[in-house]
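Below: one structure, written as structure tokens.
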Protein chains: 2
Amino acid sequence: MLSFTEENYLKALVQLTIFEDGKDEVGVNKLASCLTVKPATVSDMVRKLKAKSLVNYEKYGKISLTAVGKKSGMMVIRRHRLWETFLQEKLDFSWDEVHELAEELEHIHSQKLINRLDQFLDFPAFDPHGDAIPNVDGEIVIPFRKTLSEAKKGDVVKIVAVKDNSSEFLQYVDKIGLVIQDEMTIKEKEEFDSLITIKIKGKQHVVSPRFTDNIFVVCAKCLKAKDCTCKH
Amino acid sequence: MLSFTEENYLKALVQLTIFEDGKDEVGVNKLASCLTVKPATVSDMVRKLKAKSLVNYEKYGKISLTAVGKKSGMMVIRRHRLWETFLQEKLDFSWDEVHELAEELEHIHSQKLINRLDQFLDFPAFDPHGDAIPNVDGEIVIPFRKTLSEAKKGDVVKIVAVKDNSSEFLQYVDKIGLVIQDEMTIKEKEEFDSLITIKIKGKQHVVSPRFTDNIFVVCAKCLKAKDCTCKH
DNA sequence: TCAATTAGTTAGATAAGGCTAACTTTTATA
DNA sequence: TATAAAAGTTAGCCTTATCTAACTAATTGA
Ligand SMILES: [Mn+2]
Ligand SMILES: [Mn+2]
Ligand SMILES: [Mn+2]
Ligand SMILES: [Mn+2]
């Protein structure tokens with residue numbers, strides 16, 4: 001049985017080496033800053049995780065997950081996202097409140113409990129932030145998507161997820177009136193300072209990279225992000 | 001914020017000094033065996049709890065809860081019993097499965113979460129084992145009741161709760177076909193070995209103190225246990 | 001290519017929660 | 001009331017997860 005701490009390390013590793021595209025390994029410093037502990041602490045812990053065959057690692061090398069480590073980390077994320085969904089759907093919490101509560105609930109281990117919860121929620125595919133929920137085997141299909149920063153002037157895009165789960169960010173998204181599945185048009189894009197003017201439900205907003213880097217979108221016409229065949 | 005361990009100490013103290021009638025303090029050894037740790041461990045921890053003003057205690061003396069300690073302990077029990085109710089009502093767990101899961105869930109701290117859960121369950125008064133659920137202020141009314149062992153030959157009683165929450169015990173209760181709120185008649189009572197013959201739903205069963213000590217009942221006629229005015 | 005910077009490791013400390021073994025206080029009982 | 005048994009405490013040790021400070025290895029770039 002894994003401890004809270006070990007589970008948090010594995011979860012962070014999934015986020016850094018699987019969800020972050022183009023990377024399948026990570027260094028001690030980056031993992032440390034992700035977990036807000038010191039590199040020395042990670043150095044120690046990674047040795048323990050290696051001893052349990054949860055990570056691949058050699059002194060002064062990079063860290064990556066083994067198959068077992070990946071599955072364990074995925075299960076933590078499955079639990080996190082299912083609890084977030086429960087809190088929003090059944091207990092009427094807003095999407096900016098659920099993450100913090102799920103940080104505790106994700107460490108309740110029972111497989112049976114989480115599978116019953118999944119069933120109770122009618123097997124949701126996405127959590128309140130638009131993130132895909134890993135299945136009972138810890139498998140996940142990460143849909144194609146790009147950040148709003150990558151969209152071009154004139155694009156019509158649909159928001160599918162948010163990257164930042166902090167309540168400050170989500171409350172700002174609420175303030176703008178943006179909801180998952182909403183469509184928006186990129187009216188202006190200022191290369192100089194990267195400010196973008198978007199139009200949502202008839203209203204225009206000027207937003208900064210702090211916002212656009214944390215919004216995931218797909219093309220509203222073909223619903224794809226990459227390999228979009230639309231003419232724009 | 002209290003740790004898991006501190007919460008478990010306070011919960012155990014509520015059970016030993018408030019729910020167990022006739023006692024408002026407990027010794028180190030009894031608390032230790034209740035928590036399945038060694039007396040030395042309790043000795044240390046009780047000093048820490050006293051430093052936090054959660055218990056009253058003097059070296060070589062008995063342990064009792066302060067008002068703050070009692071409320072904290074009650075809140076743990078509130079969370080435990082509400083989660084048990086959720087697991088049974090919403091996730092279809094049987095009453096012999098819920099206790100173990102609630103042992104983990106009871107340590108999720110958010111007041112808002114537990115109050116929302118309470119509302120979602122429509123403010124249940126009792127948990128799956130017939131135990132009263134403390135209210136939002138940690139207050140509880142423990143209803144009058146006696147153990148089945150205390151019933152006399154000829155009594156007609158109604159089961160209101162079980163004392164033992166272990167799955168072995170609860171599965172035995174299931175096997176006999178007994179459900180909370182069921183009525184039964186005491187047909188025979190053998191003083192020699194304390195075996196009792198009960199009749200439930202037309203069927204007779206011979207049961208031992210291991211069973212009767214762990215079943216709480218009230219008189220089926222007046223619904224009281226103590227001060228029963230019925231003529232039997 | 002070598003010095004500076006960045007990344008990573010090690011040693012030693014701390015705090016929580018637990019243990020055993022030895023000791024002390026309290027209580028029960030002959 | 002003396003003494004044995006029961007109850008409780010203390011000292012010293014362990015493990016997990018963290019830290020700081022000092023050290024070493026790897027990378028970068030002039
Ligand atoms: Mn989250
Ligand atoms: Mn989420
Ligand atoms: Mn229980
Ligand atoms: Mn219960």
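Side-chain rings of B/F93 and B/F86 stay apart, their centers remaining 6.0 Å or farther from each other.
With A/K11 as the fixed residue, the side-chain hydrogen bond (donor to acceptor under 3.5 Å, both in side chains) test singles out one of A/E106, A/H80, A/H107: A/E106.
Atom CZ in A/R47 sits about 13 Å away from atom C1' in D/dA17, given to the nearest Å. The distance between atom CG of A/D44 and atom P of D/dT15, rounded to the nearest whole Å, is 14 Å. Rounded to whole Å, the distance from CD1 on B/I63 to P on D/dG8 is 7 Å. Counting to the nearest Å, the P atom of D/dA17 and the CG atom of A/L10 are 12 Å from each other. Rounded to a whole Å, the CG atom of B/L2 is 14 Å from the C1' atom of C/dA16. Per the geometry, NZ belonging to B/K30 stands 11 Å off P belonging to D/dA7, to the nearest Å. Nucleotide D/dT18 holds its P atom 11 Å from the CG atom of A/L31, rounded to whole Å. When the P atom of C/dG8 is taken as reference, atom CD of A/E25 falls 11 Å away, rounded to whole Å.
Using a 4.0 Å cut-off, no side-chain N or O of B/T41 falls inside it from OP1 or OP2 of C/dG17. Residue B/K59 places none of its side-chain N or O atoms closer than 4.0 Å to OP1 or OP2 of C/dT26. An OP1 or OP2 oxygen of D/dT10 is reached within less than 4.0 angstrom by no side-chain nitrogen or oxygen of B/S43. Residue A/N29 places no side-chain N or O under 4.0 Å from the OP1 or OP2 atom of C/dA7. For C/dG18, the OP1/OP2 oxygens have a side-chain nitrogen or oxygen of B/Y9 closer than 4.0 Å.
Geometrically, A/K146 does not engage A/F216 in a cation-pi contact defined by less than 6.0 Å to the ring centre and at most 45° from the axis.
Judged by distance alone, the side chain of A/T36 and the main-chain N or O of A/S33 form no donor-acceptor pair under 3.5 Å. Here the side chain of B/K189 pairs a donor or acceptor atom with the backbone of B/A151 at under 3.5 angstrom.
Between C/dG17, C/dT25, D/dT18, one nucleotide has an atom nearer to the side chain of B/Y60 than all others, and that is C/dT25. Checking C/dT20, D/dA17, C/dG17 against every side-chain atom of B/M45, the shortest atom distance belongs to C/dG17. Here the nucleotide nearest the side chain of A/K62, chosen from C/dG8, C/dG17, C/dT10, is C/dG8. Nearest to the side-chain atoms of B/K48 among the listed nucleotides C/dG18, C/dT20, C/dG17 stands C/dG17. The side chain of A/T5 lies closest to D/dT18 when the candidates are D/dT18, C/dT10, C/dG8.
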